[in-house]
*Asks:* 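Below: one structure in C-alpha coordinates.
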Amino acid sequence: MIKTALALLVLVQLAEAIRYTKWPVQPMYNVKRDIRKGEATLVLVYSCMCPRSQRTIPRFEKAATELKKMYGIKTKSLEYYSTGFEFMKVVPYINRFPVLMLYRADGSKVRYSGIDPPMAAPEDFVRFTLDNEYAPYESEANDQSMSSNSIW
(Lines give C-alpha, C1' and ligand atoms only; values in the text may rest on other atoms or scores of the structure.)
Protein backbone atom coordinates (compact mmCIF):
# COMPACT_ATOMS: atom_id res chain seq x y z
CA MET A 1 0.00 0.00 0.00
CA ILE A 2 2.73 2.48 0.98
CA LYS A 3 4.90 1.48 -1.99
CA THR A 4 1.99 2.03 -4.35
CA ALA A 5 1.31 5.48 -2.88
CA LEU A 6 4.98 6.43 -3.19
CA ALA A 7 5.12 5.19 -6.78
CA LEU A 8 2.00 7.21 -7.59
CA LEU A 9 3.52 10.31 -5.99
CA VAL A 10 6.70 9.90 -8.05
CA LEU A 11 4.66 9.54 -11.25
CA VAL A 12 2.67 12.69 -10.46
CA GLN A 13 5.88 14.63 -9.81
CA LEU A 14 7.39 13.39 -13.08
CA ALA A 15 4.26 14.40 -14.98
CA GLU A 16 4.49 17.88 -13.45
CA ALA A 17 8.18 18.07 -14.33
CA ILE A 18 7.46 17.22 -17.97
CA ARG A 19 4.56 19.67 -18.07
CA TYR A 20 6.60 22.61 -16.79
CA THR A 21 9.69 21.97 -18.89
CA LYS A 22 7.74 22.41 -22.15
CA TRP A 23 6.74 26.06 -21.85
CA PRO A 24 7.34 28.87 -24.33
CA VAL A 25 10.11 30.69 -22.42
CA GLN A 26 13.44 29.58 -23.88
CA PRO A 27 15.45 27.30 -21.61
CA MET A 28 19.05 28.20 -20.88
CA TYR A 29 21.87 25.70 -20.80
CA ASN A 30 24.97 27.89 -20.98
CA VAL A 31 25.05 31.31 -19.32
CA LYS A 32 27.85 32.75 -21.44
CA ARG A 33 26.25 31.66 -24.70
CA ASP A 34 22.61 32.38 -23.88
CA ILE A 35 22.95 35.76 -22.14
CA ARG A 36 24.57 38.35 -24.36
CA LYS A 37 25.98 41.62 -23.14
CA GLY A 38 24.09 44.55 -24.60
CA GLU A 39 20.69 42.82 -24.31
CA ALA A 40 18.44 42.82 -21.28
CA THR A 41 17.40 39.31 -20.23
CA LEU A 42 15.10 38.28 -17.39
CA VAL A 43 16.05 34.83 -16.05
CA LEU A 44 13.89 32.54 -13.92
CA VAL A 45 15.78 29.88 -11.95
CA TYR A 46 13.27 27.28 -10.83
CA SER A 47 12.86 23.70 -9.70
CA CYS A 48 10.10 21.77 -11.43
CA MET A 49 9.49 19.78 -8.23
CA CYS A 50 8.98 22.91 -6.13
CA PRO A 51 5.34 23.94 -5.54
CA ARG A 52 6.39 27.60 -5.27
CA SER A 53 8.00 27.38 -8.70
CA GLN A 54 4.96 25.65 -10.15
CA ARG A 55 2.76 28.54 -9.00
CA THR A 56 5.21 31.13 -10.37
CA ILE A 57 5.75 29.66 -13.83
CA PRO A 58 2.33 30.61 -15.35
CA ARG A 59 2.75 34.18 -14.06
CA PHE A 60 6.26 34.36 -15.46
CA GLU A 61 4.95 33.07 -18.81
CA LYS A 62 2.46 35.96 -19.03
CA ALA A 63 5.13 38.49 -18.07
CA ALA A 64 7.54 36.99 -20.62
CA THR A 65 4.96 37.29 -23.38
CA GLU A 66 4.32 40.95 -22.54
CA LEU A 67 8.03 41.79 -22.23
CA LYS A 68 8.79 40.21 -25.60
CA LYS A 69 5.84 41.70 -27.51
CA MET A 70 5.78 45.19 -26.02
CA TYR A 71 9.41 45.90 -25.14
CA GLY A 72 11.55 43.33 -26.97
CA ILE A 73 13.15 42.07 -23.74
CA LYS A 74 14.22 38.42 -23.74
CA THR A 75 13.34 35.94 -21.02
CA LYS A 76 15.10 32.69 -20.20
CA SER A 77 14.51 29.85 -17.78
CA LEU A 78 17.04 27.73 -15.98
CA GLU A 79 15.88 24.52 -14.33
CA TYR A 80 17.79 23.73 -11.18
CA TYR A 81 18.05 19.97 -11.58
CA SER A 82 18.73 19.60 -15.30
CA THR A 83 21.66 21.97 -15.72
CA GLY A 84 24.30 20.81 -13.28
CA PHE A 85 25.91 23.83 -11.63
CA GLU A 86 25.11 26.34 -14.38
CA PHE A 87 22.62 28.03 -12.05
CA MET A 88 25.51 29.07 -9.79
CA LYS A 89 26.70 31.41 -12.55
CA VAL A 90 23.31 33.14 -12.50
CA VAL A 91 22.60 33.24 -8.78
CA PRO A 92 25.43 32.21 -6.46
CA TYR A 93 23.27 32.10 -3.32
CA ILE A 94 19.86 30.44 -3.47
CA ASN A 95 17.90 30.07 -0.26
CA ARG A 96 14.62 29.05 -1.93
CA PHE A 97 13.03 28.76 -5.34
CA PRO A 98 12.12 30.41 -7.64
CA VAL A 99 14.68 33.17 -8.18
CA LEU A 100 14.40 35.92 -10.78
CA MET A 101 17.50 37.71 -12.00
CA LEU A 102 17.66 40.55 -14.51
CA TYR A 103 20.76 40.82 -16.65
CA ARG A 104 20.89 44.46 -17.68
CA ALA A 105 22.21 45.63 -21.05
CA ASP A 106 25.34 47.04 -19.38
CA GLY A 107 26.28 43.58 -18.04
CA SER A 108 25.25 44.11 -14.41
CA LYS A 109 22.78 41.83 -12.59
CA VAL A 110 19.81 42.74 -10.41
CA ARG A 111 18.03 40.15 -8.26
CA TYR A 112 14.26 40.39 -7.87
CA SER A 113 13.39 41.36 -4.32
CA GLY A 114 9.79 42.46 -4.67
CA ILE A 115 6.62 40.58 -3.76
CA ASP A 116 7.14 36.86 -3.14
CA PRO A 117 7.16 35.35 -6.69
CA PRO A 118 4.32 32.83 -6.15
CA MET A 119 2.11 35.68 -4.94
CA ALA A 120 3.27 38.30 -7.47
CA ALA A 121 1.25 39.25 -10.52
CA PRO A 122 2.80 39.19 -14.00
CA GLU A 123 2.72 42.99 -13.93
CA ASP A 124 5.09 42.94 -10.94
CA PHE A 125 7.71 41.07 -12.98
CA VAL A 126 7.24 43.45 -15.92
CA ARG A 127 7.50 46.51 -13.66
CA PHE A 128 10.64 45.13 -11.99
CA THR A 129 12.26 44.54 -15.37
CA LEU A 130 11.40 47.94 -16.80
CA ASP A 131 12.27 49.85 -13.63
CA ASN A 132 15.69 48.23 -13.39
CA GLU A 133 16.57 48.15 -17.08
CA TYR A 134 15.74 51.76 -17.80
CA ALA A 135 16.92 53.17 -14.45
CA PRO A 136 20.16 55.17 -14.47
CA TYR A 137 23.21 52.96 -14.25
CA GLU A 138 25.30 53.03 -11.07
CA SER A 139 28.12 55.04 -12.62
CA GLU A 140 25.69 57.70 -13.91
CA ALA A 141 23.94 57.89 -10.53
CA ASN A 142 27.28 58.30 -8.75
CA ASP A 143 28.44 61.01 -11.16
CA GLN A 144 25.38 63.12 -10.36
CA SER A 145 25.78 62.89 -6.59
CA MET A 146 27.97 65.19 -4.54
CA SER A 147 31.28 63.78 -3.40
CA SER A 148 32.08 63.55 0.29
CA ASN A 149 34.92 66.07 0.03
CA SER A 150 32.81 68.83 -1.53
CA ILE A 151 32.87 72.20 0.21
CA TRP A 152 29.48 73.68 0.95
Side-chain angles (χ1 to χ4, degrees), residues 6-145:
L6 287 174
L8 183 63
L9 181 64
V10 168
L11 287 174
V12 168
Q13 291 293 331
L14 284 173
E16 288 296 312
I18 291 169
R19 178 177 157 213
Y20 284 112
T21 53
K22 296 186 179 190
W23 53 313
V25 179
Q26 292 188 3
M28 181 170 54
Y29 300 105
N30 185 313
V31 172
K32 288 185 178 181
R33 184 189 71 215
D34 292 340
I35 297 179
R36 297 187 181 130
K37 192 171 182 179
E39 296 179 346
T41 306
L42 183 63
V43 178
L44 173 70
V45 180
Y46 70 99
S47 170
C48 61
M49 302 292 184
C50 170
R52 292 172 44 81
S53 294
Q54 292 172 1
R55 288 192 307 265
T56 303
I57 286 172
R59 295 177 175 125
F60 185 75
E61 255 182 69
K62 290 177 185 174
T65 304
E66 184 176 341
L67 286 169
K68 181 68 176 171
K69 285 183 181 177
M70 302 292 285
Y71 306 103
I73 296 176
K74 292 183 177 183
T75 54
K76 300 276 185 181
S77 66
L78 183 61
E79 186 180 358
Y80 175 69
Y81 293 114
S82 68
T83 56
F85 287 99
E86 195 68 22
F87 65 92
M88 292 299 285
K89 296 178 185 173
V90 177
V91 185
Y93 175 71
I94 298 176
N95 56 355
R96 64 182 177 174
F97 289 103
V99 176
L100 280 98
M101 183 69 75
L102 174 66
Y103 279 77
R104 294 171 55 171
D106 70 343
S108 63
K109 298 185 272 187
V110 180
R111 188 172 180 163
Y112 177 77
S113 61
I115 299 171
D116 193 27
M119 302 300 175
E123 294 80 25
D124 295 325
F125 301 145
V126 172
R127 190 176 320 114
F128 161 74
T129 304
L130 297 177
D131 287 350
N132 286 293
E133 176 54 29
Y134 299 115
Y137 297 128
E138 287 296 320
S139 60
E140 292 174 11
N142 290 340
D143 291 343
Q144 294 172 357
S145 65

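For clarity, every value in this text was computed on a predicted model and none was experimentally measured.
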*Asks:* Any chance you could measure F97, atom CZ, to E79, atom CD, to the nearest 0.5 Å?
*Replies:* 9.5 Å
*Asks:* Evaluate the side-chain contact (heavy atoms from CB on, under 4.5 Å) criterion for residues R111 and V99: first the C-alpha distance (whole Å), next the side-chain angles of each, then the deciding distance (0.1 Å), finally the verdict.
*Replies:* CA-CA 8 Å; R111 188 172 180 163; V99 176; 3.6 Å; yes
*Asks:* Ignoring hydrogens and angles, tell me if any N or O in the side chain of Q54 forms a donor-acceptor pair with the backbone of C48 under 3.5 Å.
*Replies:* yes
*Asks:* How many angstroms lie between atom OG1 of T129 and atom CG of L42, to the nearest 0.5 angstrom?
*Replies:* 4.0 Å
*Asks:* Out of curiosity, F60 CZ to L100 CG, how far, rounded to the nearest 0.5 Å?
*Replies:* 5.5 Å
*Asks:* Begin with the C-alpha distance, continue with both residues' side-chain angles, and end with the deciding distance and a verdict on side-chain contact (heavy atoms from CB on, under 4.5 Å) for I73 and L130.
*Replies:* CA-CA 9 Å; I73 296 176; L130 297 177; 4.0 Å; yes
*Asks:* Salt bridge or not for D116 and R96, using N-O below 4.0 Å?
*Replies:* yes
*Asks:* For the atom pair CZ (R52) and OH (Y46), what is the distance rounded to the nearest 0.5 Å?
*Replies:* 16.0 Å
*Asks:* So how far is it from T56 OG1 to M119 CE, rounded to the nearest 0.5 Å?
*Replies:* 9.0 Å
*Asks:* Closest heavy-atom contact between A63 and P122?
*Replies:* CB-O, 3.5 Å
*Asks:* Are any non-hydrogen side-chain atoms of V45 and M101 less than 4.5 angstrom apart?
*Replies:* no
*Asks:* Which value, rounded to the nearest 0.5 Å, describes the distance between N132 atom CG and K109 atom NZ?
*Replies:* 14.5 Å
*Asks:* Taking all non-hydrogen atoms of both residues, which atom of P117 and which atom of P98 are closest, and how far apart?
*Replies:* CB-CG, 3.8 Å
*Asks:* Just to verify, which of K76, R104, K74 counts as forming a salt bridge (Lys or Arg N to Asp or Glu O under 4.0 Å) with E39?
*Replies:* K74
*Asks:* Flag the pair S113 / F128 as yes when at least one side-chain heavy-atom distance between them is below 4.5 Å, and no otherwise.
*Replies:* no
